[in-house]
2 protein chains.
Amino acid sequence: MKSAKDILRRYLKSNGLLYSRQREQVLDIFLKTEKHSTINDLYELVRKKNTKIGLATVYRSMKVICDAGLARETDFGDGARRYEHKYKHQHHHHLVCIKCGRIVEIASPRLEQIQRQLAKKHDFTVSRDTMKMFGICRACKRKSK
Amino acid sequence: MKSAKDILRRYLKSNGLLYSRQREQVLDIFLKTEKHSTINDLYELVRKKNTKIGLATVYRSMKVICDAGLARETDFGDGARRYEHKYKHQHHHHLVCIKCGRIVEIASPRLEQIQRQLAKKHDFTVSRDTMKMFGICRACKRKSK
DNA sequence: CGAACAATTGACCATAATTATCAATCTCAT
DNA sequence: ATGAGATTGATAATTATGGTCAATTGTTCG
Ligand SMILES: [Mn+2]
Ligand SMILES: [Mn+2]
Ligand SMILES: [Zn+2]
Ligand SMILES: [Zn+2]
């Protein structure tokens, strides 16, 4: 199985783009995290390795990393774009606690199946999908009792 | 059945807020549209009735209209918050065409049922949920053949 | 009705995330 | 090693949205 770096390399080459030091550094950092990181999160982390890197470069790198199929943008409705893994990670959805911010990841084959049926019914070719439920998590319910 | 205005009136009163001319004007405009409008869309429309109204007032009015349960925020990933009806409208999800921007609304009891099961399984009390599928609509597929 | 008082408004400024610009630098096929 | 073209970092620009505050308005109560 190909490594994430190989995938990025291949994507870049086949699109006439270059494999720069900065892109590799951003990818390295991104691969290490398992959270839903903002650009700023990643910027702070990558700066520990490369103090000179610019914020815009992190934006641009995550853009190509997404385009290469390695990362996925998510949006939890706070005003900041977040990134999570897409390669070697199961497709999933999110429960978002509006009290504590906790994010629970859920996967459901039955849900996926219904999504496929709905798309087919409307003759829609789906390239990306997202489902989120916002509410109160178990822990927060306990606390408020 | 209560009118939307009655609901807003009641919500405002029970929260110590006032029923202002501007709030009524924004609600009137919002009720007339059946699209997914941005604040700016609504601002342009309401200005035809009240040229003096401020943009911030439209933001603030839509906030209370949402809080009153009459509108719902949606986000299609373009950089602008959108509003749609919540009162006397069935809960639904969206298919978003990334070619032409068309938005198809879908309702699915089976989907809702699975959502409920997933929430229950994780002991999550859901207050708001959203599901979107992005892709290519039927019309756009036809065109590109 | 007509204060009284709190809530709201409109104008404007502040903030924050993201994108555009561009000269200097880097990458990579040759 | 070289050169064409891509990328970078700094910075400015843009955009959506929220905050401030003096002037105005809505509601309650006498
Ligand atoms: Mn996730
Ligand atoms: Mn809708
Ligand atoms: Zn919680
Ligand atoms: Zn389309």
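Chain letters run A, B, ... following the sequence lines, proteins first, then strands; residues in each count from 1.
- Residue B:Gln22 places at least one side-chain N or O under 4.0 Å from the OP1 or OP2 atom of C:dG10.
- Looking at residues two or more places apart in sequence or on another chain, you find a side-chain contact (heavy atoms from CB on, under 4.5 Å) between B:Asp129 and A:Met133, B:His91, B:His93, B:Gln115, B:Val126.
- Rounding to whole angstrom units, CZ of residue B:Arg82 and P of D:dT15 are separated by 15 Å.
- Atom CD in A:Glu44 sits roughly 12 Å away from atom P in C:dA17 (whole-Å rounding).
- A:His85 pairs by the side chain to side chain donor-acceptor pair (under 3.5 Å) definition with nothing, not counting sequence neighbours.
- Distances shown here put every side-chain N or O of B:Arg81 at or beyond 4.0 Å from the OP1 or OP2 atom of D:dA16.
- In this structure, A:Lys13 has no side-chain contact (heavy atoms from CB on, under 4.5 Å) partners at least two apart in sequence or on a different chain.
- Between B:Tyr19 and B:Glu24 the shortest heavy-atom distance is OH-OE2, 2.7 Å.
- At whole-Å resolution of the value, CZ in B:Phe76 and P in D:dA16 are 16 Å apart.
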| Given A:Glu73 and A:Arg82, is the salt bridge (Lys or Arg N to Asp or Glu O under 4.0 Å) satisfied, shown in steps? | CA-CA 6 Å; A:Glu73 286 185 17; A:Arg82 286 167 186 279; over 6 Å; no
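- Where the helix from C:dC1-D:dG30 to C:dT30-D:dA1 starts and where it ends, the local axes point in directions that differ by 40°; five pairs per end, rounded to 10°.
- Within residues 53-64 of chain A, the residues having any heavy atom under 4.0 Å from DNA chain D are, by residue number, A:Ile53, A:Gly54, A:Thr57, A:Arg60.
- Salt bridge status for B:Asp75 with B:Arg81: absent, with no side-chain N to carboxylate O gap under 4.0 Å.
- Counting only heavy atoms from C-beta outward, the side chains of A:Ile103 and A:Cys97 never approach each other to under 4.5 Å.
- A:Ile65 has its CD1 atom 13 Å from the P atom of D:dT7, to the nearest Å.
- Listed in residue order, the members of residues 10-21 of chain B having a heavy atom less than 4.0 Å from DNA chain D are B:Lys13, B:Leu18, B:Tyr19, B:Arg21.
- Rounded to an integer number of Å, the gap from NZ of A:Lys52 to C1' of C:dT25 is 15 Å.
- Rounding to whole angstrom units, CZ of residue B:Arg23 and P of D:dT25 are separated by 15 Å.
- Using a 4.5 Å cut-off on side-chain heavy atoms (C-beta onward), B:Lys121 and B:Gln117 make no contact.
- For B:Tyr83 and B:His36, the distance between ring centers is not under 6.0 angstrom.
- Under the 4.0 Å criterion applied to side-chain N and carboxylate O atoms, B:Lys32 and B:Asp28 are not assigned as salt-bridge partners.
- At whole-Å resolution of the value, CG in A:Asn40 and P in C:dT19 are 14 Å apart.
- In this structure, the nucleotide among C:dT18, C:dG10, D:dG18 sitting nearest to the side chain of B:Asn50 is C:dG10.
- Side-chain contact between B:Leu31 and B:Leu70: absent, with no pair of heavy atoms (C-beta onward) separated by less than 4.5 Å.
- Rounded to an integer number of Å, the gap from B:Gln25 CD to D:dT25 P is 13 Å.
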